[in-house]
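In what follows, a single structure is set out as structure tokens and then discussed.
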Amino acid sequence: MRNITQQIYQAINTNVAWRVNELYLFIEMAEKENMIASFEDGVENWAAIGLSNANIGWVWCKSPLLLITSNVADLFESILHQCPFLVTITVSSLGSEELLIDYDQELVDRLGPELYNKPVSVSDIWINSIT
């Protein structure tokens with residue numbers, strides 16, 4: 001179990017023009033690496049990152065937070081070199097409940113009410129904070 005509370009706060013408190021400029025730069029760089037960033041209908045907070053028709057993670061549109069599987073982390077090396085402020089959390093699989101987030105009202109307001117003080121997966125984080 002890995003506590004990611006501080007990493008989420010780091011992403012929230014990063015002082016960059018993320019939603020205005022840097023998010024779109026990240027998407028362009030991912031596409032140059034043959035990844036696809038896509039937005040599902042009605043989902044405004046996250047862009048899915050895909051590779052060869054498989055979902056490999058999500059990038060949070062509100063703050064510079066990238067959630068990906070560890071087996072593809074090396075594909076992001078050049079992107080992370082150009083975007084050192086991007087907080088990256090790697091997991092063994094998107095559905096593996098290996099993360100822990102401490103309860104805090106600020107995080108509840110941003111990520112939803114269901115994710116705290118229990119094991120969660122990247123998919124849980126996405127599902128609970130998609131709107």
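Values below: all heavy atoms of this structure, side chains included; hydrogens, waters and symmetry mates excluded.
Residues Ile79 and Leu66 are members of one and the same hydrophobic cluster, defined by side-chain heavy-atom contacts under 4.5 angstrom among Ile, Leu, Val, Met, Phe, Trp and Tyr. Two different hydrophobic clusters hold Val72 and Val91 under the rule that ILVMFWY side chains link at heavy-atom gaps under 4.5 Å. The hydrophobic clustering, which links ILVMFWY residues whose side-chain heavy atoms are closer than 4.5 Å, places Leu80 and Tyr24 together. Clustering ILVMFWY residues whenever any of their side-chain heavy atoms sit less than 4.5 angstrom apart, transitively, puts Ile127 in a cluster other than the one holding Ile56.
Looking only at side-chain heavy atoms (C-beta outward), Ile27 and Phe39 come within less than 4.5 Å of each other. Contact check for Leu23 versus Cys61: side-chain heavy atoms found under the 4.5 Å cut-off. Looking only at side-chain heavy atoms (C-beta outward), Ile125 and Ile4 come within less than 4.5 Å of each other. Inter-residue side-chain proximity for Arg2 and Ile89 is flagged as met; some heavy-atom pair is nearer than 4.5 Å. Using a 4.5 Å heavy-atom threshold, the side chains of Gln7 and Leu99 count as separate. At a threshold of 4.5 Å between non-hydrogen side-chain atoms, the residues Leu111 and Trp60 count as touching. A 4.5 Å side-chain heavy-atom check between Glu22 and Leu86 finds every atom pair outside the cut-off. Looking at Leu107 and Ile12, their side chains come closer than 4.5 Å, going by heavy atoms from C-beta outward.
Side-chain contact annotation: Tyr103 with Gln105, donor-acceptor N/O pair under 3.5 Å present.
For Ser70 (side chain) and Thr90 (main-chain N/O), no donor-acceptor pair under 3.5 Å exists by modelled atom type. A donor-acceptor pair is defined here as one N or O able to donate and one able to accept, closer than 3.5 Å; no such pair exists between the side chain of Asn128 and the backbone of Gly112.
For Asn45 against Lys62, the heavy-atom pair with the smallest separation is OD1-CE, 2.9 Å. The two atoms that bring Asp102 and Tyr116 nearest to each other are O-CD2, 3.5 Å, heavy atoms only. Of all heavy-atom pairs between Met35 and Leu51, the closest is CG-CD1, 4.1 Å. Smallest separation of non-hydrogen atoms from Trp58 and Ala48: CD1-CA, 3.4 Å. Annotation for Val120 and Ile101: closest pair CG2-CD1, 4.4 Å, computed over non-hydrogen atoms. Closest approach of Leu65 and Ala11 over heavy atoms only: CB-CB, 3.9 Å.
One distance of note links CD1 of Ile36 with CG of Asn53; it measures 6.5 Å at 0.5 Å rounding. The line from CG of Leu100 to OG1 of Thr5 is 6.0 Å long, rounded to the nearest 0.5 Å. Atom CG of Leu67 is separated from atom CH2 of Trp126 by 12.5 Å, given to the nearest 0.5 angstrom. Distance check, rounded to the nearest 0.5 Å: CD of Glu77 to OG1 of Thr88 gives 11.0 Å. Within the model, atoms CD1 of Ile8 and CZ of Arg110 stand 11.0 Å from one another, a figure rounded to the nearest 0.5 Å.
Classified by interplanar angle (parallel below 30°, tilted 30° to 60°, perpendicular above 60°), the ring pair Phe26/Phe76 is parallel. Under the 30°/60° scheme for interplanar angles, the aromatic rings of Trp18 and Phe85 are found to stand perpendicular.
In this structure Pro113 satisfies the side-chain contact (heavy atoms from CB on, under 4.5 Å) test together with Val108, sequence neighbours excluded.
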